[in-house]
Amino acid sequence: MADVADGASASPAKQVIYCGICSLPPEYCEFGGTTKKCEEWLQKNHPAMHERLYSQDAIEANLSTLSLDAQKRAAKDAEKKAAKAASAAAKEEERKASSKVIIKRVERNKRKYVTEVSGLEAFDLDLKKVAKDFGKKFATGSSVTKVPGGGEAITVQGDLSDDIYDYVTENYEQIPEDNVECVEDKKKKPAS
Amino acid sequence: MFKKDISPGAKSKVKSSVQRAIRTKITETYPLLVPHIDEILPKKEQLDLVKLPDRVSLYALGSTPLFWQHMDDPLLPHLTLVHKYPTCFPLLRIDRGAIRFVLSGASLMAPGLTSPGGRLPKQNDKDGVGPEEYRYGNEELDEGEVVVIEAEGKENACLVGVLRMGTKEMKEKKKGVVVEGGHYLGDGLWKMGLD
């Protein structure tokens, strides 16, 4: 949430810190399923708050308000949630590692080309926005198009495969360079 | 209401006359916000209307979500706004045991509010009026009113919704659904990015 900056000193608006991992206020992290990571994040970024929330006293005070039975159920539930979150995260990681961004040069009309970029959506990028960025960067037409096999790709006018390769590897750090691939529809490589 | 992750739909600018109407509506529904209204919704700023699935519309200022509305239901504040001005809305409190259900999207049930850890208005007669108790107000709330639910032992609110049952009825019955389909911490609306 990007509202940390706009609070003037005179305003009565309360500034709330949000966890960088699960985006909830840190006091609710224990219900999120990624408690461990959240705790580490808090310790690193707001040690004072960490002290207050994760001290022995605080934990005991939390437990004492619930009956034993309810405690057990809550603990079991939390465990299940944590396991689910962990497995989801692992899956996501794997998906990202295995998915590829393919930059393809397609011949449109003899010496005219378009460049098709597919696979960006696997890296949580909004295709519409990326297309806009491409268009701005390369000063060409750029749009999101449907691919015959299902799914969507970005089509950029002009032969830009090398430029896009550089741009993607440089600007989107969540995409590892090894996962970006240039493919030509024709056998000859374009002169760079 | 936002159990699943949602993605924002079309974003359009709100006409200035409509913006004025929204402004008056907000001050009518939440009179306590009047001193802060210029800060929340500066007169000159362009308000955006973002369409969300299920006929929900969200009013946002730049990338800050402010209020959301389901069809013609009352305007409900986004939780980030509630966190900034926690004392400007009618408050209720739930006990600790109920938090995990609320955060996973269940309807809020009356026992969460009537148990010792919960707080309803007008409980201070017997407990004595402490400054901490005072914030839950003296007026009984009726069905259909917008409430902010905070949690025992927590500073920030965790749910915003419309009451399905008056607080008086709750105290008598101690059973049944109190808030349904609200906006809770960690739901789709909360996680949605607006840029």
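Letters A, B, ... mirror the listed sequences (proteins, then strands); counts begin at 1. Worth saying up front: this structure is predicted, and the values here are computed from it rather than measured.
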Novice: Cluster question for you: counting only ILVMFWY and a side-chain heavy-atom cut-off of under 4.5 Å, with indirect links fine, are B:Val177 and B:Leu92 together?
Specialist: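 Different clusters.
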
Novice: State yes or no: do A:Leu160 and A:Ile102 share one hydrophobic cluster built from I, L, V, M, F, W and Y residues joined by side-chain heavy-atom distances below 4.5 Å, directly or via other members?
Specialist: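 Per the 4.5 Å side-chain linkage, A:Leu160 and A:Ile102 are not co-clustered.
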
Novice: Which heavy-atom pair separates B:Gly153 from A:Glu27 by the least distance, and what is that distance?
Specialist: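 Closest approach of B:Gly153 to A:Glu27: O-OE1, 4.5 Å.
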
Novice: To the nearest 0.5 Å, what is the distance between NZ (B:Lys191) and CG (A:Leu24)?
Specialist: 8.0 Å

Novice: For B:Arg55, is the CZ atom crowded, meaning more than 12 foreign heavy atoms sit under 6.0 Å from it?
Specialist: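 Not more than 12 within 6.0 Å, no.
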
Novice: According to a 4.5 Å side-chain heavy-atom criterion applied to Ile, Leu, Val, Met, Phe, Trp and Tyr, with indirect links allowed, do B:Met109 and B:Ile99 form part of one hydrophobic cluster?
Specialist: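 No, because B:Met109 and B:Ile99 fall into different hydrophobic clusters, even though each may have its own neighbours under 4.5 Å.
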
Novice: So does A:Glu79 have more than 12 non-hydrogen atoms from other groups sitting under 6.0 Å from CD?
Specialist: no

Novice: In the single-linkage hydrophobic clustering (I, L, V, M, F, W, Y; side-chain heavy atoms under 4.5 Å), do B:Val82 and B:Ile40 co-cluster?
Specialist: yes

Novice: So how far is it from A:Gln15 CD to B:Lys84 NZ, rounded to the nearest 0.5 Å?
Specialist: 6.5 Å

Novice: Is B:His36 in contact with chain A via its backbone, its side chain, both, or neither, using a 4.5 Å heavy-atom distance?
Specialist: side chain

Novice: Please classify the contact of B:Cys158 with chain A as side chain, backbone, both or neither, using a heavy-atom distance under 4.5 Å.
Specialist: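 When you check distances to chain A, atoms from both the backbone and side chain of B:Cys158 fall under 4.5 Å.
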
Novice: Please name the pair of heavy atoms, one in B:Ala157 and one in A:Tyr28, separated by the smallest distance, quoted to 0.1 Å.
Specialist: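 In terms of heavy atoms, the two residues are closest at C-OH, 3.9 Å.
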
Novice: Would you indicate whether the side-chain heavy atoms of A:Pro25 and B:Glu155 approach each other to under 4.5 Å?
Specialist: no

Novice: Looking only at heavy atoms and a cut-off of under 4.5 Å, which of B:Leu103, B:Asn156, B:Leu185 has the most pairs with chain A?
Specialist: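 Most heavy-atom pairs under 4.5 Å with chain A: B:Asn156.
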
